[in-house]
Amino acid sequence: MLDKSFDPQSAEARLYEAWEKSGAFEPSGEGDPFTIVIPPPNVTGSLHMGHALNNTLQDVLCRFERMRGRSVLWQPGMDHAGIATQMVVERQMMERQEPKRTAIGREKFVEKVWAWKEESGGAIITQLKRLGASCDWSRERFTMDEGLSEAVKKVFVQLYREGFIYRDKRLVNWDPKFLTAISDLEVENTEVDGHFWHFKYPLENGETYEFPIAYDEEGNPTEWETRDYISIATTRPETMLGDGAVAVHPSDKRYAPIVGKKCLLPLADRYIPIITDDYPDPDFGSGAVKITGAHDFNDYKVAVRNDIKLYVLMDEHARMRDDDYIPEKYRGLDRFEARKLVVEDIDARGLLIKVEDKKIMQPFGDRSGVVIEPMLTDQWYVDAERLAKKAIEAVEDGETRFVPENWTKTYFQWMRNIEPWCVSRQLWWGHQIPAWYGPDGHVFVAETEDEAFKQAVIKYTEEGYTLEDIDAMARGEGEGPLLVRDEDVLDTWFSSALWPFSTLGWPDETPQLKLHYPTSVLVTAFDIIFFWVARMMMMGTHFMKKAPFSDVYIHALVLDEKGQKMSKSKGNVIDPLTLIDKYGADALRFTLAAMAAQGRNIRLSEARVEGYRNFGTKLWNAARFCEMNECAFDPAFDPASVNETLNQWIIHEAGKAAAETTAALETYRFNDAAGALYKFVWNVFCDWHVELAKPILMGEDGPAKDETRKTTAFVLSGVLRLLHPFMPFITEELWKSYGDGKSMLVEAEWPHMPDASVKKSGGLSIKGAPIEAAYAKSAEEIDWLIGLITAVRSARAEMNVPAGAKIPFVAVNAGPEVSLRLDAYGDLISRLVRIDGIHNAETAPKGAVQIVHEGRVFALPLADIIDIAAEKARLSKEIEKCEKEIDGIDKKLANKNFVERAPAEIVEENRERRVAFTERKEKLAAALKQISEG
RNA sequence: GGGCGCAUAGCUCAGUGGUAGAGCGCCACCUUGACACGGUGGAGGCCCGUAGUUCGAUCCUACGUGCGCCCACCA
């Protein structure tokens, strides 16, 4: 006996364990492989709503395809998340008042991180299981595990040999908190309130020139002033100490007299040239730009073009360096302190023209939150532009498809303008770069130190060193050890870029790799297209010669009810685990799927989750009803050979729902699939089938009752299958009573009976013909019945007939077909609309409420209860509705163009509707007349 | 400066070239033997504006208005 309601708290863990134990999550069978690699969550991560959505959708697809007989691999794993993890462990060490990272050294620290990972890492895996994720956990991988590390090394070395990876000294985004370079993508540009300081740089030797200060209407100067300085403006005054030049546009006549001369760089007391370059915009600011090549990306380009000296001003912490070109008083100061002081000093010298308030775009580290400093450093780069070529082609050629397809544009736009990818990070946690330096700085890139050493031996032998010399070097004698390994690690995304093939065993040619690459679909949010999708595309097309996935399904972001991004600082985070605790995983999953319409963000509200929890309860109670009425699943039951109209109808409806769900899932329309099931279960199966079946099920035993029991159980079991991808727990639990008794639902087959030819669509069919046709007549009959019941109920309610009162019911001039139907369904109608039997009459009795349903009149003689005014109002309203419809149709039909040019079937349909509405209107009018006279 | 998206019921959102839908909320009635996490009935919509295409536009096109997001080096 089923409990009164489903208790997710107690059932979920038990069911999940049973699934895992059964091996259902592992790929099996001979079916077409279906493969998804999970977007690996950070090892430091915990489940947020974005994960919940992302993994729900993946799980829906995996469970769906698994039931359809495909050999499904959902490859799980985690990302080592370089910066995030190092940060967490360092923080923990600080809290425990342990010595700092730098004090214990690299090796010890990395050991500590591994220990942390074993102890507290990967909480998210348990949380994914709570969500019901059907990953093949036996294949769980980690981006730092041995196999994946091998893959990373191999990729790095090969890309280096092919010239895709190189080392370069150039300006990078430097994070002064984490003391590492980061890539462009890890920088968040945010608009902040800043200032725009205008300084005077005096000309050398007191030179002067005439600077126009007023113009006529044609733009010719009319007034000049004599200047002995050039005016520059900056948002970062402290960088002036590193200026190498002042640049003006070559066409800027105002400055023509002083181009080529020098000006004094105040405070630093150096003289710097005034040059021309296309970069300055004459209309912006003063039109003259100070060039700080070592601390600004634009200036850097100008400096390189014009051979301007670069002055590195800051150290790794963004503090002013101890260098002779920096005045002593600024050395050691933080950049913001230096800024203040520079402004004061400039002002003191009378060189501060003005300060404006200005909104400026400031770069912040996405993890550290501190202002990023452009820094001149040596880093490793990937030539992304070249690697992107094939990745672009794969999408152009349709090898990989974005769903919704408008993301294709975003992808192209970024890929076609891609910058070199800085892949080195000055961290300890990550894949250490497999590069070694010789005593002369020469770099040897190899998968192992031995291999690097061999390369070194060859090189230095060629250069004339003897083996003894090299030996001595290697022993650390003379100038030091022969080879020193590069200290840096790779960007975390470098290893995640290999995820679709490294997790399958690459570089080994494993059977899994052969079967499951390329993967079927990647499910992810748009904010990760550049970070991850693009890079997997590059690595996949390069190393596997095939794009890593056929489809990329981009889903929405989950926002709060007000459409705000959820964030800890805003305090509007909804924790999926809290919702799971409260409403069950099924409710949360169904909500997310139902709201996952393509191309739109999801505003999650708890009320919605509650609503879908109620839906689960509804399903549960429908099952309880079946149980009470002994509707047992019969494996021999053949839906194609039922006789009862009601049963034919519900099988017909179930077939439609199955086809709809299947088609929606095949095209990633999760919300349509969920919606179709919701409607079928609640508004068709529960509201009508169960109600209409009650008299039969509670009536006398016989073939009809037997068939209805079996049909009901059959439909319920079909519903459980269809719903399982969305609500795996409750359906699995009910499957124990309504399954095939052989296996768990997770391994059951997707509904596709009884003809194999319709397997693909998921629809039902009978003897090759779609069930829609075979059972169409029954469907029509039950639909008529439902319409009649609804109409009578509506009239009753509007006439304020007490809900409990049993009233007479008269079929007026029914005709043979309706009479037959009334005979068949009389008891049902009596029961569902509370009438005391069905009577026949030639004309409607006086003082009766009249209902027009599909061309026939039915009357409720309410005698003294009837409120004539109310009935008049009701009829008038109905008549008005008909008239409105008829008017609309008449307008159309009167339009020659419509009749001539609209498709014939549309015109015909309108004619038919006109007839129907006219007939209805006439009957209603007659009723109105009668009641008015009565 | 480029690119993308959204404006439909009180709220949150589906949807379609011909008859506008859901969830929640609201109103009335109902402890009917699956279910009050329920049932029955109901109210509620110039489908943002303007112009165009079309026999016909909430849907397609253009423009406008408002809002949101992504990318981009204006010192």
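Letters A, B, ... are given to chains in the order of the sequence lines, protein chains preceding strands, and every chain is numbered from 1.
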key: Side chain of A/Asn895 - closest among B/C70, B/G38, B/C55   = B/C55
task = Report the distance from atom CD1 of A/Ile807 to atom C1' of B/G41, rounded to the nearest whole Å.
result = 14 Å
request  = For the residue pair A/Tyr678 and A/Trp682, categorise the inter-ring angle as parallel (less than 30°), tilted (30 to 60°) or perpendicular (more than 60°).
outcome  = tilted
query = So does A/Lys896 get a side-chain nitrogen or oxygen closer than 4.0 Å to the phosphate oxygens (OP1/OP2) of B/G56?
reply = no
Separation of atom CG in A/Asn629 from atom P in B/A34, rounded to whole Å = 7 Å
inquiry  = Counting the atoms with a prime plus P, OP1 and OP2 as sugar-phosphate, which does A/Arg796 contact under 4.0 Å by heavy atoms, base, sugar-phosphate, or nothing?
reply    = nothing
request  = Using the P atom on both, measure B/C47 against B/G10 and round to a whole Å.
outcome  = 12 Å
task = Verify the ring-centre separation between A/Phe670 and A/Tyr553: is it less than 6.0 angstrom?
result = yes
Test: A/Arg416 cationic atom under 6.0 Å from A/Phe412 six-membered ring centre, within 45° of axis = yes
request  = Using Watson-Crick or G-U wobble geometry with both distances below 3.5 Å, tell me the partner of B/A36, or none.
outcome  = none
task = Grab the NZ-P distance between A/Lys694 and B/G33 for me, whole Å please.
result = 8 Å
query = At under 4.0 Å between heavy atoms, what does A/Trp682 touch on the DNA or RNA strands: base, sugar-phosphate, or nothing?
reply = sugar-phosphate
ask   = What does A/Cys626 touch in the nucleic acid at a heavy-atom separation under 4.0 angstrom: a base, only the sugar-phosphate, or nothing?
value = nothing
query = Of all the nucleotides listed (B/A14, B/C37, B/C35), which has the minimum atom distance to the side chain of A/Asp672?
reply = B/A14
request  = Classify the angle between the aromatic ring planes of A/Phe615 and A/Tyr612 as parallel (below 30°), tilted (30 to 60°) or perpendicular (above 60°).
outcome  = perpendicular
query = Has the side chain of A/Glu691 got a donor or acceptor that lies under 3.5 Å from a partner of the other kind on the base of B/A34?
reply = yes
remark   = In whole angstroms, the gap separating P of B/C70 from CD1 of A/Ile554 amounts to 15 Å
task = Report the residue (A/Ser794 or A/Phe685) whose heavy-atom-nearest nucleotide on RNA chain B is the more 5′ of the two.
result = A/Phe685
query = What residue among A/Leu592, A/Thr591, A/Val609 forms side chain to side chain contact (heavy atoms under 4.5 Å, CB included) with A/Leu579?
reply = A/Val609
ask   = Ion pair present between A/Glu691 and A/Lys694, side-chain N to carboxylate O less than 4.0 angstrom?
value = yes
B/C70 OP1/OP2 closer than 4.0 Å to side-chain N/O of A/Lys409 = no
query = A/Arg613 near the nucleic acid: base, sugar-phosphate alone, or nothing, with a heavy-atom cut-off under 4.0 Å?
reply = base
key: Straight-line distance of A/Ile851 CD1 to A/Phe858 CZ, nearest 0.5 Å   = 8.5 Å
note = Answer for the Watson-Crick or wobble partner of B/C48, both distances under 3.5 Å, is B/G64
inquiry  = Assess whether a salt bridge exists between A/Glu238 and A/Arg236, defined as any Lys/Arg side-chain N lying under 4.0 Å from an Asp/Glu carboxylate O.
reply    = yes
message = So if I take every side-chain heavy atom of A/Gln413 and compare against B/A14, B/G3, B/U32, which nucleotide ends up nearest?
response = B/G3
remark   = Partner of B/A43 under the Watson-Crick or G-U wobble criteria, both distances under 3.5 Å, comes out as none
inquiry  = Would you measure the distance from the C1' atom in B/A28 across to the matching atom in B/A43 and give it in whole Å?
reply    = 10 Å
query = Hey, is the side chain of A/Lys618 pairing donor to acceptor with the base of B/C35 inside 3.5 Å?
reply = yes
Pairwise C1' distance, B/G2 and B/C11 [rounded to whole Å] = 35 Å
inquiry  = For A/Asp281 and A/His249, which I'm curious about, is there any donor-acceptor pair between the side chains at under 3.5 Å?
reply    = no
query = Considering only side-chain heavy atoms of A/Val690, which listed nucleotide, B/A14, B/C55, B/A34, is closest?
reply = B/A34
ask   = In the structure shown, which nucleotide is the Watson-Crick or G-U wobble counterpart of B/U16, with both distances under 3.5 Å?
value = none
inquiry  = Could you tell me the Watson-Crick or G-U partner of B/A9, where both distances fall under 3.5 Å? Say none if there is no partner.
reply    = none
ask   = Of A/Val342, A/Thr292, A/Thr234, which meets side chain to side chain contact (heavy atoms under 4.5 Å, CB included) against A/Met240?
value = A/Val342
inquiry  = Starting the side chain at C-beta, find the nucleotide from B/G5, B/A34, B/G3 nearest to A/Arg624.
reply    = B/A34
key: Touch class at under 4.0 angstrom, heavy-atom based, for A/Glu610 against every strand present   = nothing
query = Roughly how many Å is it from CZ in A/Phe590 to P in B/C24, rounded to a whole number?
reply = 13 Å
query = Should B/U53 form a Watson-Crick or G-U wobble pair with both distances under 3.5 Å, which nucleotide is its partner?
reply = none
inquiry  = By the 4.0 Å heavy-atom rule, please label A/Tyr678 as base, sugar-phosphate, or nothing.
reply    = sugar-phosphate
query = Expressed in whole Å, how much space separates the P atoms belonging to B/C24 and B/C60?
reply = 29 Å
Spacing of the P atoms in B/G25 and B/U12 (rounded, Å) = 15 Å
ask   = Relative to each other, are the rings of A/Tyr411 and A/Phe402 parallel, tilted or perpendicular (30° and 60° limits)?
value = tilted
Distance below 4.0 Å between A/Lys892 side-chain N/O and B/G56 OP1 or OP2 = no
message = Just the rounded figure in Å: distance from P of B/A22 to OH of A/Tyr612.
response = 12 Å
query = A/Met698 or A/Lys877: which one's nearest nucleotide on RNA chain B is closer to the 5' end?
reply = A/Met698
Tabulate atom names and distances for all N/O pairs under 3.5 angstrom spanning the protein and nucleotides 73-75 of chain B.
from: B/C73; atom 1: O2'; to: A/Asn298; atom 2: ND2; distance (Å): 2.7
from: B/C73; atom 1: N1; to: A/Asn298; atom 2: OD1; distance (Å): 3.0
from: B/C73; atom 1: O2; to: A/Asn298; atom 2: OD1; distance (Å): 2.5
from: B/C73; atom 1: O2; to: A/Asn298; atom 2: ND2; distance (Å): 3.1
from: B/A75; atom 1: O2'; to: A/Ala233; atom 2: O; distance (Å): 3.2
from: B/A75; atom 1: N6; to: A/Asp281; atom 2: O; distance (Å): 2.8
from: B/A75; atom 1: N6; to: A/Phe284; atom 2: O; distance (Å): 2.3
from: B/A75; atom 1: N1; to: A/Asp281; atom 2: N; distance (Å): 3.0

ask   = Using atom C1' of each nucleotide, how far apart are B/A7 and B/G15 to the nearest Å?
value = 15 Å
ask   = So, is A/Asn910 near the phosphate of B/G18, with a side-chain N or O under 4.0 Å from OP1 or OP2?
value = no
key: Euclidean distance for C1', B/G68 against B/G56 (whole angstrom)   = 34 Å
message = Closest approach to the side chain of A/Met595, judged atom by atom: which nucleotide of B/G5, B/C55, B/U12 is it?
response = B/U12
key: Watson-Crick/G-U partner (both atom distances under 3.5 Å) of B/A75   = none
key: Between B/G1 and B/C73 - P atom distance, rounded Å   = 16 Å
